[in-house]
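Just so it is clear, the structure is predicted and the values come from calculations on it, not from any experiment.
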Amino acid sequence: MAARSQYEELARQLSAIGAVKRGLARILPAECPGGSAAVLTLLSRYGEMRITRLTELLAVNMSVTSRHVAHAVDNGWIERFPDPADKRSRIVRLTPAGNDLLGELSRRTTEMFAHNLPDWSDEDVGQLNTLLSRLRDSFSCRSLVGCAPGKHSGDCRTGHSDDSHTRTPV
């Protein structure tokens, strides 16, 4: 286990990541807020799904997901249709316009990182990706705020993770 001072520094560094997140938000087109981009990213990654599943992946409540979905539907980026297995449920899927927008978002994001990290090697970026993925996975098997000290589930102790718990889609 790392020293307490290391965890304190990690908390400071993660707080400072807000500047990176704000930079990412600034490159989004005005008509595509972050919540909509997250919905599109998840649908691209996992394919069509029920809105309840999307809510789980976003780690927000149903009303927030419904607003994001409605915005994306209104802009033609996704479509909703009844679930053939349960007509009370709705399934959402990406449209060609949504795929096109994701391509544009990917281009903008890549350009932003390339502009801001010109002195980072492929190895540096790969190591950061690996460590951030590991950090996310360490929290994914826990509640939204992580496990309380001394209160670990079986998955938390063993370190097993599952993409179905991924909470940070973008």
Could you tell me if the side chain of [Y] sits less than 4.5 Å from the side chain of [X], heavy atoms only?
| X | Y | answer |
| --- | --- | --- |
| Arg108 | Phe113 | no |
| Ser121 | Asp124 | yes |
| Met49 | Leu43 | yes |
| Thr55 | Ser66 | no |
| Thr52 | Thr65 | no |
| Asn99 | Thr95 | no |
| Arg136 | Leu132 | no |

Do [X] and [Y] land in one hydrophobic cluster if side-chain heavy atoms of ILVMFWY residues count as linked below 4.5 Å?
| X | Y | result |
| --- | --- | --- |
| Leu14 | Tyr7 | no |
| Leu58 | Ile91 | no |
| Leu28 | Trp77 | yes |
| Phe81 | Val73 | no |

Could you walk me through whether Leu94 and Leu102 pass the side chain to side chain contact (heavy atoms under 4.5 Å, CB included) check? CA-CA 10 Å; Leu94 212 50; Leu102 270 176; 3.7 Å; yes

Using a cut-off of 6.0 Å, state whether more than 12 heavy atoms not belonging to [X] lie near its atom [atom1].
| X | atom1 | answer |
| --- | --- | --- |
| Asn129 | CG | yes |
| Glu123 | CD | no |
| Arg80 | CZ | yes |
| Arg4 | CZ | no |

Could you go through the side chain to side chain contact (heavy atoms under 4.5 Å, CB included) check for Ile51 and Met62 one step at a time? CA-CA 8 Å; Ile51 293 176; Met62 182 62 82; 3.6 Å; yes

Strictly by modelled atom types, are Gln13 and Glu9 linked by a side-chain donor-acceptor pair under 3.5 Å?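 Yes, because at least one side-chain N or O of Gln13 sits under 3.5 Å from a partner of the opposite role on Glu9.
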
Which value, rounded to the nearest 0.5 Å, describes the distance between [X] atom [atom1] and [Y] atom [atom2]?
| X | Y | atom1 | atom2 | value |
| --- | --- | --- | --- | --- |
| Leu105 | Thr109 | CG | OG1 | 6.5 Å |
| Leu42 | Arg53 | CG | CZ | 9.0 Å |
| Ile17 | Arg22 | CD1 | CZ | 10.5 Å |

Carefully, step by step, assess Asp83 and Arg50 under the rule salt bridge (Lys or Arg N to Asp or Glu O under 4.0 Å). CA-CA 8 Å; Asp83 183 345; Arg50 286 184 174 185; 2.6 Å; yes

For the pair Thr41 (side chain) and Ala37 (backbone), establish whether a donor and an acceptor sit closer than 3.5 Å, ignoring hydrogens and angles.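 Yes; judged by distance alone, with no hydrogens or angles, the pair exists.
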
Ser36 side chain to Cys32 main-chain N or O, any donor-acceptor pair under 3.5 Å?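 No, Ser36 side chain to Cys32 backbone: no donor-acceptor pair under 3.5 Å.
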
[X] and [Y]: which non-hydrogen atoms are nearest, and at how many Å?
| X | Y | result |
| --- | --- | --- |
| Asn75 | Glu31 | ND2-O, 4.3 Å |
| Ala97 | Gly76 | CB-O, 3.5 Å |
| Leu40 | Ile78 | CD2-CG2, 3.6 Å |

For His68 and Leu54, what are the C-alpha separation, side-chain angles and deciding distance, and is it a side chain to side chain contact (heavy atoms under 4.5 Å, CB included)? CA-CA 10 Å; His68 293 322; Leu54 186 57; over 6 Å; no

Start with the C-alpha distance between Leu24 and Met112, add both sets of side-chain angles, then the distance that settles side chain to side chain contact (heavy atoms under 4.5 Å, CB included), and finish with yes or no. CA-CA 8 Å; Leu24 287 168; Met112 185 198 78; 3.4 Å; yes

